[in-house]
Amino acid sequence: MKYASIIIDIVHEKLDKTFDYSVPAYMEEEAVVGAQVVIPFGRGNRRVNGFIIDITDKTEYDKDRIKDILEISDNKTALESQLISLAYQMKKKYGSTMIQALRVVLPVKNKVRELSEETVSLKVDRAMAKEILLEYKRKKHTAKARLLESLIEQKSMNMKYIKKQLLVTSSTIQLMETDGVITCESERIFRNPTEEYKTDKKIILNKSQKAVVDTVIDDFDNNIYKNYLLHGVTGSGKTEVYIKIIENIVERGKQAIVLIPEIALTFQTVKRFMAHFGDKVSVLHSRLSAGERYDQMQRAKIGEIQIMIGPRSALFTPFTNLGIIIIDEEHESSYKSEVTPKYHARDVAIDRAALCNASVLLGSATPSVETYYHAQCGMYKLLELKSRALEQSLPKIYVEDMREELNLGNRSIFSSRLKHLIIERLEKKQQIMLFLNRRGYAGFVSCRSCGFVIKCPHCDVTLSQHRNGKLICHYCGYEINNLTECPVCSSKYISGFRAGTQQIETLVNKEFPSAKILRMDMDTTKGKRGHEDIVRAFTNREADILIGTQMIVKGHDFHNVTLVGILAADLSLNSALYTGSERTFQLLVQAAGRAGRGELPGEVVIQTYNPKHYSIECAAKHDYIKFYNKELDYRKVLNYPPIGKMLEFYLISEDEELICKAASYVKFQVLAADIDDVQMIGPAPAVIYKLQDMYRQVFYFKCSEEKLLIKVREYLERVAGHFMDKYKCKICIQFDFC
Ligand code: ADP
Ligand code: ZN
Ligand code: ZN
């Protein structure tokens with residue numbers, strides 16, 4: 001016998017109220033998660049609609065009293081069915097409860113009061129109204145007379161105005177309504193967060209842009225719903241392509257979702273969409289209140305808008321006729337969810353699109369290795385834009401070897417070339433961006449004289465400095481004592497690399513006292529409009545130099561920037577993760593892409609101790625393919641994703657000793673279980689070993705197939721059930737996406 005958990009009210013606060021019903025044998029095939037059903041409900045067995053959210057072999061409910069499902073609606077394309085199936089797939093794959101998954105997928109309705117506007121209008125014609133007015137006056141019904149007089153003039157009025165300005169009470173209004181003189185109507189109004197934007201300049205797509213649009217739309221018109229990767233160099237006009245594709249999709253009566261990494265950082269792009277689509281589009285930004293977010297979701301559901309732009313969560317916009325999902329800058333890490341279920345928006349987008357016959361378009365100048373690999377395997381159709389929109393040349397890139405600078409006696413943070421170019425730009429009144437990437441930086445140790453970096457012999461990643469003075473591999477736990485002398489050249493200039501944007505600002509100030517400087521990082525953007533203000537000020541040329549972290553490289557289109565300086569490319573290169581080279585290549589190309597977007601050509605200076613590294617060499621030549629091939633070789637040798645599939649398993653506890661015991665227990669259990677074709681690495685201290693007072697140990701599991709990893713995940717969850725209480729620790733499991 002099969003049993004179904006059924007939910008009858010698909011709103012957030014009712015998600016845990018499910019009811020068990022039995023599935024009659026003849027229905028078993030159709031009774032799947034997501035199916036809409038009719039059930040007998042309550043004492044009177046009222047017929048009620050519901051949705052299946054789980055199917056099981058057992059029930060806790062009294063088996064003799066359980067009722068059968070009455071009917072299954074043949075309505076698989078219902079929006080709710082789709083979203084529930086999607087939640088179910090996410091639960092299965094990433095690991096979570098069904099409720100956790102549903103909470104991600106369904107819009108939150110946080111007991112928001114619906115805003116509505118009431119209007120009062122005349123129900124009788126003017127002549128009749130005038131007669132009634134005379135009678136009101138004769139009977140000295142002054143309030144009624146006052147309202148009627150105004151309505152004879154205006155025919156309909158706002159309820160608030162009537163109460164506040166005309167001082168007519170609700171009871172009087174009600175009386176007049178019962179008398180049939182007036183009618184009250186309320187219209188629900190949705191809070192719309194998009195401000196007014198002027199329509200943008202008319203753009204005629206160039207040949208390659210047009211070819212991309214035509215491919216996607218032709219496929220669409222032939223009912224071919226595909227997944228595409230649009231690989232277009234920086235400034236090639238990808239955003240214009242997205243706009244044109246959406247325009248076509250909307251003309252065909254379908255809807256579009258556009259995911260962008262972070263609104264605050266990409267609001268220039270968002271503005272272009274708003275300028276183009278006006279009130280057809282809505283934006284889910286983080287500044288919206290829960291109520292406003294819910295309203296936007298409702299507007300999508302009832303067809304008031306056709307396009308939703310937003311971060312990861314916009315993926316679940318309840319469009320009933322979705323045509324395409326576009327993911328801009330698909331390589332960005334903000335598409336990975338950090339709460340359970342820990343999904344990747346890219347993969348869930350493909351699952352959602354498959355459920356409703358929509359297409360997915362991933363776009364980037366620097367696709368993630370994983371995505372490009374899948375494009376090569378045929379999972380995505382590859383579309384390319386190889387040159388900039390108006391044939392502007394890509395910027396010239398210089399790689400400056402900081403070891404040589406040191407040998408020549410230059411100990412400052414600026415190579416002589418960068419210094420020289422900054423002076424020149426300041427004279428020409430052109431703008432400069434200086435970029436310091438500290439993301440993923442975990443305290444590596446390197447030699448400033450020869451560039452040697454200390455690495456793990458087993459994992460080929462950089463070792464990081466630890467509290468206890470040791471250097472540790474965050475994958476396998478390998479450790480050595482800190483060094484005081486370079487093992488290669490014996491130089492004493494071997495040390496950790498320390499530099500922050502604030503220090504850089506001080507140094508730039510000292511070196512170029514006449515320059516006006518803006519700084520953009522976590523500290524300067526804490527306020528609500530932080531990013532926008534800085535971006536606007538820089539666009540308006542209120543400063544000569546913008547100094548910042550990776551925040552400044554995202555999608556900005558500053559036309560007067562002709563010089564970009566990358567102060568220390570090694571910071572991300574020597575991150576303790578296997579994705580360090582990939583991150584570096586992406587950041588360098590994206591940062592370089594900020595230069596020379598207007599009429600003036602751009603130049604870029606990359607400063608490094610490792611100028612021969614393929615990430616840096618390939619970025620300097622704008623050669624994505626060469627980088628990709630080199631990187632894939634590295635991944636193949638060590639079986640890192642996308643070749644191998646990888647799962648991260650974290651143990652988290654306040655107690656450093658207990659967590660080690662838990663780690664040995666897990667190791668023992670996994671070894672004893674001897675799971676075929678799965679490689680276990682670790683335990684090791686996690687890259688961020690102590691976070692919010694909790695210690696973190698990590699295991700990595702590698703194998704060739706995702707299916708196997710899902711089994712590993714399920715196994716680990718079972719094992720964890722036995723020790724979490726005993727060792728007072730929590731677990732966290734996530735797939736490794738790149
Ligand atoms: P990407 O998203 O690929 O970095 P954008 O879409 O931001 O590129 O385009 C870069 C710049 O070129 C923008 O200012 C855009 O308005 C302009 N542009 C793009 N396509 C065209 C075109 N066909 N004609 C004129 N200008 C264009
Ligand atoms: Zn050395
Ligand atoms: Zn290692």
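Both backbone and side-chain heavy atoms feed into the values below; hydrogens, waters and symmetry mates do not. Numbering of residues begins at 1 and proceeds along the displayed sequence. Only a predicted model underlies this, so the values are computations on that prediction, with no experimental measurement involved. Order of listing sets the numbers, starting from 1, for every ligand and every atom in it.
Using a 4.5 Å heavy-atom cutoff, the side chains of K244 and Q209 are not in contact.
Sparse packing is recorded around NZ of K280, with 12 or fewer heavy atoms of other residues, nucleotides or ligands lying under 6.0 Å away.
Rounded to 10°, the angle that SG of C447 and SG of C450 form at the Zn ion (ligand 2) is 110°. Between SG of C473 and SG of C456, the angle at the Zn ion (ligand 3) works out to 110°, rounded to 10 degrees.
Checked by distance only, ligand 1 and K238 come closer than 3.5 Å through their nitrogen or oxygen atoms. For a threshold of 3.5 Å applied to N or O pairs, the pair formed by L390 and ligand 1 contains no separation below that value. Looking at ligand 1, you'll find an N or O of G235 within less than 3.5 Å of one of its N or O atoms.
Between Y624 and Y372, the distance separating the two ring centers is shorter than 6.0 angstrom.
Taking the six-membered ring for Trp and thresholds of 30 and 60 degrees, F649 and F699 have ring planes inclined between 30 and 60 degrees apart. Taking the six-membered ring where tryptophan is involved, the planes of H374 and Y380 are perpendicular, since the angle between them exceeds 60° and thus also 30°.
Proximity of I204 to ligand 1, defined as any heavy-atom pair under 4.0 Å, is confined to the backbone N, CA, C and O atoms. Contacts with ligand 1 closer than 4.0 Å are made by no heavy atom of R388, backbone or side chain. At a heavy-atom cutoff of 4.0 Å, ligand 1 is contacted by both the backbone and the side chain of S236.
In this structure, of E240, R272, K210, the residue bringing a heavy atom nearest to atom 7 (O) of ligand 1 is R272. Around atom 8 (O) of ligand 1, the closest heavy atom drawn from G237, G593, S364 belongs to G237.
Contact atoms of ligand 1 toward Q209: 19 (C), 20 (N), 22 (C), 23 (N) (distance under 4.0 Å to a heavy atom of the residue). Per-residue contacts place N206 under 4.0 angstrom from the following atoms of ligand 1 (heavy atoms of the residue considered): 23 (N). Ligand 1 places these atoms under 4.0 Å from at least one heavy atom of L205: 23 (N).
Among the atoms of H458, no N, O or S atom falls under 2.8 Å of the Zn ion (ligand 3).
Between the side chain of E648 and the backbone N or O of D736, no donor-acceptor pair lies under 3.5 Å. For Y475 (side chain) and Y578 (main-chain N/O), a donor-acceptor pair under 3.5 Å exists by modelled atom type.
Figure legend: cation-pi geometry between R346 and Y335 absent, as NZ or CZ is not positioned both under 6.0 Å from the six-membered ring centre and within 45° of its axis.
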Discussion item. Working note: R541 + K429, criterion side chain to side chain contact (heavy atoms under 4.5 Å, CB included); need CA distance, chi angles, decisive distance, verdict.
Written reply: CA-CA 9 Å; R541 303 197 188 180; K429 296 262 170 266; over 6 Å; no
